[in-house]
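Lettering follows sequence order; numbering is per chain, from 1. All values below come from the heavy atoms of this structure, side chains included, with hydrogens, waters and symmetry mates left out.
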2 protein chains.
Amino acid sequence: MKATHQRIVIFKALADSTLHPTIDWLFERVKESYPSISLATVYKTMETFVEHGVVKRVKCEDGKNRFDANMEPHNHMYCESTGRIFDFKDMDLQTLVEEYLSSKQLENFEVSEVQLQINGRVLDPDKPVQYKI
Amino acid sequence: MKATHQRIVIFKALADSTLHPTIDWLFERVKESYPSISLATVYKTMETFVEHGVVKRVKCEDGKNRFDANMEPHNHMYCESTGRIFDFKDMDLQTLVEEYLSSKQLENFEVSEVQLQINGRVLDPDKPVQYKI
DNA sequence: GTGACTGCAAACGGTTTGCACCTCA
DNA sequence: TGAGGTGCAAACCGTTTGCAGTCAC
């Protein structure tokens, strides 16, 4: 993967944000420090980032792609009114579910991932959302 | 909700299928018995069905809308190679997760739903997929 | 130097919309 | 008869693509 100027700027914008940015958020952000960048480049770059395991793609109810720079296993809280995604990590919960499922028989299906997502709404958009373990 | 011919035909097509049809699957299907139907009508009808709680919308990795005529609480297995969705119902699992989560404190977030999805691949597309409780 | 990357603009695919006409209740 | 549903075509919006020019290695 070549370290082009564009890729570096996009990567920095990504690393800054914890809120799972969309392509157009990244595009607007990156334009500030690199005004001549094209939208297609952001799309293509994110595609390569996904292929190289730099980020994960997160499909969202609103239809847009979002990206997750957090590559550790974790779960999501999804806000149905703003479309924002919040990470939470609870290995006890993950283990609980995975162990339960491993005791079940799945016929004709090979599991790659068990995804657990809490949907709902943020009450006060100015305050932080927290999951207390 | 008016019982128009179009809506009845669409509803029947829906009830037939367990595999969470897309709009264009429904459109093709419905055209067989109602050739003059328009794609826009299928879109608008599904929208009213969702509003009236007749079906649920299921957002899919492939970007297309799918619909679920099964209104009972249940979970999904998602096949990453075909995009097909299979239902499974395991109340023990659901209760396990919900009880675990209710012991946690979620700050500034109102939960509407906990979604548990098993991603993976169907091994033999001609055989049924089964989750054994 | 060359293969990979960028930027542009045009195309794409799923979905939505505006509007004249029609139809169920 | 009137509120609301239908069909058509055009618009929309996020995303992808083809290609000529450019850049990192």
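A:T48 comes within 4.0 angstrom of no nucleic acid atom, judged by non-hydrogen atoms across all strands. Among the atoms of the strands shown, only primed sugar atoms or phosphate atoms (P, OP1, OP2) are found under 4.0 Å from some heavy atom of B:T4. Using a 4.0 Å heavy-atom criterion, one finds that B:F27 contacts no nucleic acid atom at all. As judged by a 4.0 angstrom heavy-atom cut-off over every strand, B:T22 is placed among residues making no nucleic acid contact.
Salt-bridge formation is not detected for the pair B:D62/A:K59: no Lys NZ or Arg NE/NH1/NH2 atom is positioned less than 4.0 Å from an Asp or Glu carboxylate oxygen. The pair A:D68-A:R57 does not count as a salt bridge, with every side-chain nitrogen at least 4.0 angstrom from each carboxylate oxygen. Under 4.0 Å is where a charged nitrogen must lie from a carboxylate oxygen, and between A:K44 and A:E47 no such pair does.
Dashed line: the shortest gap from a side-chain N or O of B:Q6 to OP1 or OP2 of D:dG7 is under 4.0 Å. Within the 4.0 Å cut-off from OP1 or OP2 of C:dC8, not a single side-chain nitrogen or oxygen of A:S38 is found.
In this structure, A:R7 places its CZ atom 6 Å from C1' of C:dC5, rounding to the nearest Å.
Interface remark: the B:K44 side chain does form a donor-acceptor pair with the D:dG7 base, using a distance-only criterion of under 3.5 Å.
Aromatic ring centres of B:Y34 and B:H5: separated by under 6.0 Å.
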All N/O pairs under 3.5 Å across the protein-nucleotides 12-16 of chain C interface:
| residue | atom | partner | partner atom | Å |
| --- | --- | --- | --- | --- |
| C:dT15 | OP1 | B:N65 | N | 2.8 |
| C:dT15 | OP1 | B:N65 | ND2 | 3.2 |
| C:dT15 | OP2 | B:Y43 | OH | 2.6 |
| C:dT15 | O5' | B:Y43 | OH | 3.2 |

